[in-house]
Undergrad: 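Quick one: this structure, given as structure tokens, is what I'll be asking you about.
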2 protein chains.
Amino acid sequence: MAEREVDRSVSQTVKAQLALRDQILSGSLRPGERISELQAVETTGASRTPVRMALVRLEEEGLLEAIPSGGFMVKAFSERDISDSIELRGTLEGLAARFAAERGVSARELEPLKECLAAIDELLRQVPISIEAFSSYVTLNARFHALLTELSRSPPLVRQIDRAAALPFASPSGFVMAQSALPEAQQILIIAQEHHRVVIDAIENREGARAEAVMREHARLAVRNLRLALRNRTHLDLLPALALIKTATD
Amino acid sequence: MAEREVDRSVSQTVKAQLALRDQILSGSLRPGERISELQAVETTGASRTPVRMALVRLEEEGLLEAIPSGGFMVKAFSERDISDSIELRGTLEGLAARFAAERGVSARELEPLKECLAAIDELLRQVPISIEAFSSYVTLNARFHALLTELSRSPPLVRQIDRAAALPFASPSGFVMAQSALPEAQQILIIAQEHHRVVIDAIENREGARAEAVMREHARLAVRNLRLALRNRTHLDLLPALALIKTATD
DNA sequence: TGAATACGTTATGTATACAATACCAGGGGC
DNA sequence: GCCCCTGGTATTGTATACATAACGTATTCA
């Protein structure tokens, strides 16, 4: 290789994976579209071997689909695929919460969760919420969910939850973003925050069933509001990932 | 390449993946052991590129772990990892059963399940059950679970369930195999069959909560008996996959 | 004698060449 | 006029060569 600039700080494989995922989620590559390796080589700057590794990883991640005759295409999701994935994640997070409650969590471990909770409370006190605060909310909410998941002390479960969140809109952040278009966004966030509060309380009091139930309800709230948000599609044009949802089916 | 024999009927990548998975599950490669690409090239007969693709896939599958400094090692599972994975699968199958019940399933779609059920009934009528019948049971049970999963009509959920079953002993077959060592094996299978019967009934009557509950109970039964089977470890020596469970921790 | 460094070996990460297959276009036959 | 067959092209699958980083070993110095 002569003139290709190589960034040696991260592996080419990782670089290609990030670049391709970005292209998919940003909508540069449309669902159903075949990904050409050669084209990916040009856009990512890596060579074919790392690109192929990245493609395999993205396929396992669920964003790509293998074409029987060879190669990969961008996977298309129905609205139901997305809502199922959210409910799926809620179910898994419910299990995580139950594990946490049943297995016991020390006050020290719960501390970061409570800090997160307090920080979100602080944000929600603003009426109406500012753009910056909303952006912070997205981060804090993702952090809360990640911490909660960790409390289960179950690596296989954590792994599965991460997987379930791979689909666009199925991650904590994606879900919040989707709802941002709704006029009732702030009320929704307040209800969600109440769920957060309840799950911590339940874990603290070792009420596994209650902890599980509230996380599932949390997901159902998300599903309901994603549906509403999708009806308001005009407000969502800022979210290119939306293009991933095929409009025809479902 | 001069003398390497190449089987062109399946892709080298798939061949390598199957061969490596087999080596891992059969215990040829021990947990924690580093997998050398060169060695894998020799044992699988594929060249480095497909071997690497297979390694990446197996890592995503959860059987391998990436070593930070490069390469892969066989993942080690604690007993709790396994039991968590079984419970995880039960939870997901519960969700699948609930989806099936809520979304409705035609009599025609339920037919294969009922046939499966009847076939298992037939097998269990033998006392004591023969080795051949037991082997048929393993197949039929796997089929039942696969069919049930499909009834959810939720591709993301099906995908996740498949993933959850990747760990040794976490698949329907693996679980049955593990229990085969227990003296109460036949009673356990009879109880499990009752669960199967109930879940079909619940789906037929569109009782989502009941369908879900029984699948979760089904998994809890599996967890309890896996624990028992692991106490009887001597009987299980015929199962090399057991070596994958690290004995020190947990 | 122990520790640290330098060197050699080995393995992985990356790039590219080669092979085979699938897709498309054009022409000929029915 | 339509379908099938054939040839070319493009793209993927596979193999291997090269570069680079990690690990082990031996030697030297304190």
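Below, chains carry the letters A, B, ... as their sequence lines are ordered, and counting in each starts from 1. The figures here come from the full heavy-atom set of this structure, side chains too, leaving out hydrogens, waters and symmetry mates.
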Undergrad: With distance as the sole test, does A:Thr139 use its side chain to make a donor-acceptor pair with the main-chain N or O of A:Ser135 at under 3.5 Å?
TA: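 It does hold such a pair.
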
Undergrad: Compare the minimum distances between each of C:dA22, D:dT16, C:dA17 and the side chain of B:Arg48, then state the nucleotide with the smallest one.
TA: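 Minimum distance to the B:Arg48 side chain belongs to D:dT16.
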
Undergrad: So, using salt bridge (charged side-chain N to carboxylate O under 4.0 Å, His left out) as the criterion, who are the partners of B:Arg103 when residues are at least two apart?
TA: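 Once residues adjacent in sequence are excluded, the partners of B:Arg103 under the salt bridge (charged side-chain N to carboxylate O under 4.0 Å, His left out) criterion are A:Asp84.
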
Undergrad: Listed by chain and number, what are the salt bridge (charged side-chain N to carboxylate O under 4.0 Å, His left out) partners of B:Arg163, not counting sequence neighbours?
TA: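 Scan of B:Arg163 (salt bridge (charged side-chain N to carboxylate O under 4.0 Å, His left out), adjacent residues dropped) gives A:Glu60.
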
Undergrad: Taking CE from B:Met53 and P from D:dA15, how many angstroms apart are they, rounded to a whole number?
TA: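 My rounded result for the distance is 12 Å.
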
Undergrad: Restricting to salt bridge (charged side-chain N to carboxylate O under 4.0 Å, His left out), what partner residues turn up for A:Glu111, sequence neighbours left out?
TA: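 Here no residue qualifies.
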
Undergrad: Atom CD of B:Glu42 and atom P of C:dT10: how far apart are they, to the nearest Å?
TA: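 After rounding, the reported distance stands at 13 Å.
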
Undergrad: For the pair made of CD1 in B:Ile67 and P in C:dT12, what is the distance, rounded to whole Å?
TA: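 For the pair B:Ile67 CD1 and C:dT12 P, the rounded distance is 8 Å.
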
Undergrad: State whether B:Ser69 places a side-chain N or O below 4.0 Å from either non-bridging phosphate oxygen (OP1 or OP2) of D:dC23.
TA: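 Result: yes.
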
Undergrad: Once you round it to whole Å, what is the distance between P of C:dT14 and CZ of A:Arg52?
TA: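 Checked: the CZ to P distance equals 15 Å.
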
Undergrad: Please say whether more than 12 non-hydrogen atoms of neighbouring residues, nucleotides or ligands are located less than 6.0 Å from CZ in A:Arg143.
TA: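 No - once you tally the heavy atoms of other residues, nucleotides and ligands closer than 6.0 Å, there are 12 at most.
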
Undergrad: By nearest atom, which of the nucleotides C:dA15, D:dG13, D:dT16 is closest to the A:Ser47 side chain?
TA: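 Ranking C:dA15, D:dG13, D:dT16 by closest atom to the A:Ser47 side chain puts C:dA15 first.
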
Undergrad: Quick check on contacts: within residues 32-40 of chain B, what sits under 4.0 Å from DNA chain D by heavy-atom distance?
TA: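 Result for residues 32-40 of chain B: none.
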
Undergrad: Using the side-chain hydrogen bond (donor to acceptor under 3.5 Å, both in side chains) rule, collect all pairs that involve residues 31-40 of chain A, keeping only residues at least two apart or in two chains.
TA: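 Qualifying pairs: A:Glu37-A:Arg48, A:Glu37-A:Arg52.
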
Undergrad: Requiring both pairing distances under 3.5 angstrom, list the stems that contain DNA chain C and are made of three or more consecutive Watson-Crick or G-U pairs.
TA: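 For DNA chain C the paired stretches long enough to count as stems (3 pairs minimum) are C:1-30 with D:1-30.
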
Undergrad: Not counting sequence neighbours, which residues clear side-chain hydrogen bond (donor to acceptor under 3.5 Å, both in side chains) with A:Thr49? List them please.
TA: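 None.
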
Undergrad: What side-chain hydrogen bond (donor to acceptor under 3.5 Å, both in side chains) pairs are there with at least one residue in residues 91-100 of chain A, not counting sequence neighbours?
TA: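 For residues 91-100 of chain A, and leaving out neighbouring residues, the side-chain hydrogen bond (donor to acceptor under 3.5 Å, both in side chains) pairs sorted by first residue read A:Arg89-A:Glu93, A:Glu93-A:His145, A:Arg98-A:Glu102, A:Arg98-A:Glu212, A:Arg98-B:Glu87.
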
Undergrad: In whole Å, what is the span from the NZ atom of A:Lys15 to the C1' atom of C:dT14?
TA: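 Roughly 11 Å, once rounded to whole Å.
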
Undergrad: Among all residues two or more places apart in sequence or in another chain, which pass the side-chain hydrogen bond (donor to acceptor under 3.5 Å, both in side chains) test with B:Ser171?
TA: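 Testing B:Ser171 for side-chain hydrogen bond (donor to acceptor under 3.5 Å, both in side chains), a comparison that skips the adjacent residues, returns none.
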
Undergrad: Would you mind reading off the distance between B:Gln17 atom CD and D:dG13 atom P, rounded to a whole angstrom?
TA: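 Result: 14 Å.
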
Undergrad: Nearest nucleotide by nearest heavy atom, which residue falls closer to the 5' end of DNA chain C, B:Gly71 or A:Gly70?
TA: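 Counting from the 5' end, the first nearest nucleotide belongs to B:Gly71.
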
Undergrad: Is the distance from OP1 or OP2 of C:dT14 to the nearest side-chain N or O of A:Thr49 less than 4.0 Å?
TA: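 No, outside the criterion.
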
Undergrad: Rounding to an integer number of Å, can you tell me how far B:Gln12 CD sits from D:dT12 P?
TA: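 B:Gln12 atom CD is separated from D:dT12 atom P by 19 Å.
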
